[in-house]
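Please read the structure below before turning to the comments.
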Amino acid sequence: MYNAKINVTLKKSVLDPQGQTILHALESLGFKDVKKVRVGKFFELLIEACDRKTAEEKIKEMCHQLLINPVIEEYTFEMGEVK
Amino acid sequence: MRAVVVVFPGSNCDTDCFHVLRDVIKTPVEFVWHKEGNFPKTDLVVLPGGFSYGDYLRTGAIARFSPAMESVRRHAAEGRPVLGICNGFQILLEAGLLPGAMLRNKTLSFVCKPVWICVEDTHTPFTQKTQRGELLQIPIAHGEGNYYCDEETLKKLKDNSQIIFRYCSEKGEVGEAFNPNGSRDHIAGIVNERRNVLGMMPHPERASEAILASEDGRKIWESVCL
């Protein structure tokens with residue numbers, strides 16, 4: 001069993017108005033050091049697979065078919081084995 | 001001429017579309033529940049507005065898996081018209097029947113108001129009874145109508161005259177000031193390459209009777225129900 005944590009964000013080429021609004025809100029709170037905010041989504045899932053490579057392949061497939069929209073979003077993920 | 005309106009859990013403009021087709025345009029129309037994988041042959045399929053599946057994951061992302069979408073795909077592949085309005089447009093994008101994707105409105109707010117759109121091309125079943133450059137006043141009501149596509153897709157849309165409606169002013173001026181959601185190139189509606197699938201954010205069913213202040217939307221229904 002593997003535990004996968006998937007982070008989804010808008011592609012760098014896509015404007016993120018939510019991130020910009022939050023950046024401005026942080027600035028008005030006095031957090032002047034913040035230079036950039038990107039808002040995204042987080043998925044955590046448990047997956048059964050015979051080995052790590054198979055689990056990774058399955059996660060990539062799931063991302064491309066459903067979890068992300070490749071026109072506007074990109075993703076990264078990390079995975080750990082659950083005993 | 002027969003039409004079907006596909007009803008997803010969370011659709012909320014289905015009855016309005018049904019009413020306009022049946023009572024205003026006088027076209028035989030029936031509802032099709034999204035579970036019906038094999039609905040009968042029809043001339044026009046309407047994917048209505050609303051919040052299918054509560055907009056979970058992304059707008060339209062789950063509706064694309066509804067059994068009825070198989071019939072919609074077949075219908076489109078046979079070259080017959082599909083009209084996706086608002087959430088219907090979002091579903092068509094997620095289903096890959098139209099290129100691009102929707103982002104949240106630039107202002108982050110839900111925008112519900114009448115807007116002006118300009119007819120950019122009349123060579124579609126949906127605009128054949130309009131004039132190029134004609135201005136239509138039709139309401140919008142959405143939080144995610146900020147149409148996005150990459151440069152290459154935009155060029156293709158332009159080269160093939162697939163941009164059918166653009167947001168504009170009452171006088172037909174196109175620009176940031178008249179774009180309610182930040183959509184790329186002020187796009188309000190596009191068709192596929194074959195020109196039989198139209199997605200548009202404005203709601204023509206809300207502007208098809210004099211009592212509703214504008215009848216401009218009726219031209220779209222009359223075009224496609226010719």
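Residue numbering restarts at 1 for every chain, and letters A, B, ... go by the order of the sequence lines.
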Quick check on [X] against chain A: is it the side chain, the backbone, both or neither that has a heavy atom closer than 4.5 Å?
{"X": "B:L108", "result": "side chain"}
{"X": "B:N146", "result": "neither"}
{"X": "B:L103", "result": "side chain"}

Review point. Does B:L57 reach the side chain of A:F43, with side-chain heavy atoms less than 4.5 Å apart?
Key: yes
Has [X] got more than 12 heavy atoms of other residues, nucleotides or ligands less than 6.0 Å from its [atom1]?
{"X": "A:E44", "atom1": "CD", "result": "yes"}
{"X": "B:R74", "atom1": "CZ", "result": "yes"}
{"X": "B:Y56", "atom1": "OH", "result": "no"}

Taking a cut-off of under 4.5 angstrom between non-hydrogen atoms, the residues of residues 20-41 of chain A near chain B are A:T21, A:K41
For residues 50-79 of chain A against chain B, heavy atoms under 4.5 Å, the residues are A:Q65, A:L66, A:L67, A:I68, A:N69, A:V71, A:I72, A:E73
Given B:G100, B:C149, B:G182, the one with more heavy-atom pairs under 4.5 angstrom with chain A than any other is B:G100
Contact winner vs chain A - B:R58, B:R104, B:R64, heavy-atom pairs under 4.5 Å: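 Among the listed options, the one with the most contacts to chain A is B:R58.
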